[in-house]
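Here is the structure we will look at, set down as structure tokens.
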Amino acid sequence: MPENKRPSIHDRLQRVLIVASAGLIVAIITTMWLTESLPATVRWPIVVLLVFLIALFSASVLQRQVADLIEVPLQHSVAAADAIARGDVTKAVPAALTSEFDQLASSINRMTEQMAAASQSRMRVEKLATMGRIAAGISHEIGNPVSAIANYAHVLRMRTKNVPGTTEPIDALEREITRIDRIMRGLLDYARPRRLTPKPIVVDNVIEDVLRLLGDQGITRRLNVNRQLEAPTGVVYAERHDLEQVFVNLMLNAVDAMDRDGEIVIRSRINDATAFGDGIEKRRTDPLPQKWAHRPSKRALAWLARPESPPKFLQVVMADSGTGVAPEDAERIFEPFFSTKQPGKGTGLGLAIVASTIENLGGTIWVQRAREGGAAFVILLPLHASSLCSTTPESSAAVD
């Protein structure tokens with residue numbers, strides 16, 4: 001039953017008492033009418049016995065109603081509170097029959113979700129601190145030797161410029177040096193804070209530039225990229241490079257999942273928090289009778305439940321027709337060094353950097369099953385104040 005239609009405890013008990021009283025009165029009147037011809041010595045004991053039985057039945061019904069309306073939901077709430085005191089924030093309170101206890105259940109469940117999100121955030125901060133110390137040490141110990149190897153490779157290329165058969169191995173050497181450097185930079189970008197210079201950015205423009213960049217490089221040549229960018233005023237306060245890195249990582253992840261052949265759908269829209277909670281969306285390209293329902297993830301619900309959660313936000317979905325993500329990996333996939341790719345094909349830092357960047361922008365991200373059969377990454381970002389203005393901020397230059 002919807003929350004706004006649940007009766008209060010007072011209303012439910014009042015209805016029960018009215019029905020019981022009306023039944024008692026009707027029973028007494030009927031009994032007196034049927035026993036009117038009987039002697040008084042027989043009639044009144046029958047009336048008293050009937051009144052006693054009806055009162056006993058009414059008391060039993062009232063006791064059952066009190067148990068269903070007050071005692072049972074109160075026991076559920078106490079059990080959830082005891083679980084929270086033990087550190088278990090997974091226990092949920094079921095919906096109650098009355099508005100008061102239903103609101104209490106919703107408040108307790110919302111509190112446990114926020115506590116779980118805070119616990120995950122605290123664990124992530126601890127991981128970041130550890131990763132930062134590890135990254136600093138590794139960068140110091142490995143950075144200098146890698147730079148020296150890169151310099152020697154450059155010298156070797158200059159000295160063997162005219163020697164046949166040396167170009168290919170030197171290219172491979174420099175490529176692997178670049179890969180090591182990329183891993184180190186990714187680790188540092190994930191772990192350490194850096195000075196930011198954000199500004200209002202139109203996200204649709206960034207997506208278009210990233211698609212153009214990857215298309216020029218031939219990465220999406222065999223893919224069917226379906227753009228559904230419907231947020232020309234979707235402005236966020238961020239660094240353009242960070243947003244480019246997010247969408248490049250997601251695109252490359254989708255390409256790897258499909259082995260460079262398949263379909264990618266990119267959607268953007270400005271969404272409303274109240275409508276988003278229903279979790280039902282339909283694309284223009286979906287068949288008319290088809291219904292596609294997705295309940296928002298726990299990440300999204302926790303994000304929307306924050307006091308500073310915006311009433312409107314930018315939603316970006318990148319879906320592919322690849323192999324998808326197993327449900328048990330839906331959270332682990334954003335952890336550093338976790339990868340479902342074959343050894344040597346990924347560092348396990350791409351999605352970790354994506355999640356870290358989105359969270360630093362005040363948003364959230366999660367993965368779910370896509371209509372196309374693969375994975376759908378959903379991003380929610382708070383809108384900049386300029387999204388409500390008539391003027392659109394200047395888009396930065398295209399990706400280099």
Side-chain angles (χ1 to χ4, degrees), residues 127-128 130-192 194 209-223 239 241-262 264 320 322-323 325 329 332-357 375 377 399-400:
K127 287 182 179 180
L128 283 176
T130 304
M131 293 289 293
R133 291 191 294 268
I134 295 174
I138 293 177
S139 177
H140 177 72
E141 296 297 332
I142 295 181
N144 292 334
V146 169
S147 298
I149 294 173
N151 291 332
Y152 284 129
H154 179 70
V155 172
L156 186 61
R157 179 184 294 278
M158 297 298 295
R159 292 183 179 181
T160 60
K161 184 183 301 183
N162 299 322
V163 179
T166 59
T167 301
E168 185 174 343
I170 294 177
D171 288 343
L173 177 62
E174 291 183 339
R175 185 169 60 251
E176 294 305 314
I177 292 173
T178 303
R179 183 168 177 265
I180 295 174
D181 182 69
R182 186 171 65 251
I183 294 173
M184 293 303 305
R185 291 182 183 276
L187 185 61
L188 289 173
D189 288 342
Y190 176 78
R192 71 181 179 186
R194 56 189 176 89
D209 290 341
V210 168
L211 293 177
R212 188 181 305 113
L213 169 69
L214 298 180
D216 292 342
Q217 294 179 356
I219 295 176
T220 59
R221 182 177 62 255
R222 296 168 55 187
L223 297 176
E239 283 201 4
H241 170 74
D242 290 345
L243 290 175
E244 291 169 352
Q245 189 177 30
V246 165
F247 296 118
V248 167
N249 281 335
L250 290 177
M251 283 291 296
L252 294 179
N253 191 72
V255 171
D256 291 341
M258 296 182 293
D259 197 18
R260 297 181 177 271
D261 189 5
I264 294 179
D320 60 66
T323 56
V325 177
D329 295 334
R332 296 186 61 200
I333 199 170
F334 297 110
E335 296 179 359
F337 301 115
F338 178 82
S339 177
T340 58
K341 300 177 182 178
Q342 296 179 0
K345 289 193 174 182
T347 63
L349 286 173
L351 291 179
I353 293 174
V354 168
S356 177
T357 301
F377 288 89
V399 186
D400 295 335

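Only heavy atoms go into these numbers, but all of them, side chains included; no hydrogens, no water, no symmetry mates.
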Note, V354 side chain near F377 side chain (heavy atom, < 4.5 Å): no
A153 versus L173, closest heavy-atom pair with distance: CB-CD2, 3.7 Å
Nearest-0.5 Å distance, CD1 of residue I264 to OG1 of residue T220: 7.5 Å
T166: partners by side chain to side chain contact (heavy atoms under 4.5 Å, CB included), with sequence neighbours left out: T160, V163, I170
Counterpart residues, side chain to side chain contact (heavy atoms under 4.5 Å, CB included), relative to V248 (two or more places apart): V210, L252
Qualifying salt bridge (Lys or Arg N to Asp or Glu O under 4.0 Å) pairs with a residue from residues 160-173, counting only residues at least two apart or across chains: R157-D171
Side chain to side chain contact (heavy atoms under 4.5 Å, CB included) evaluation trace for L211 with F247: CA-CA 9 Å; L211 293 177; F247 296 118; over 6 Å; no
Nearest-0.5 Å distance that lies between atom CD in E174 and atom CD1 in I177: 6.5 Å
Partner residues of E176 under the side chain to side chain donor-acceptor pair (under 3.5 Å) criterion, sequence neighbours left out: none
Under 3.5 Å donor-acceptor, D329 side chain and V325 backbone: no
Side-chain touch T357/I353, heavy atoms, less than 4.5 angstrom: yes
Trace of the side chain to side chain contact (heavy atoms under 4.5 Å, CB included) decision for L250 with L351: CA-CA 7 Å; L250 290 177; L351 291 179; 3.8 Å; yes
Partner set under side chain to side chain contact (heavy atoms under 4.5 Å, CB included) for V155, not counting sequence neighbours: R159
Criterion side chain to side chain contact (heavy atoms under 4.5 Å, CB included) on I219 and V255, from CA distance to verdict: CA-CA 8 Å; I219 295 176; V255 171; 4.1 Å; yes
Value rounded to 0.5 Å, distance of CG in L214 from CG in D209: 11.0 Å
M251 CE to L213 CG distance, which is reported to the nearest 0.5 Å: 10.0 Å
Side-chain donor/acceptor of S356 to backbone N/O of A352, under 3.5 Å: no
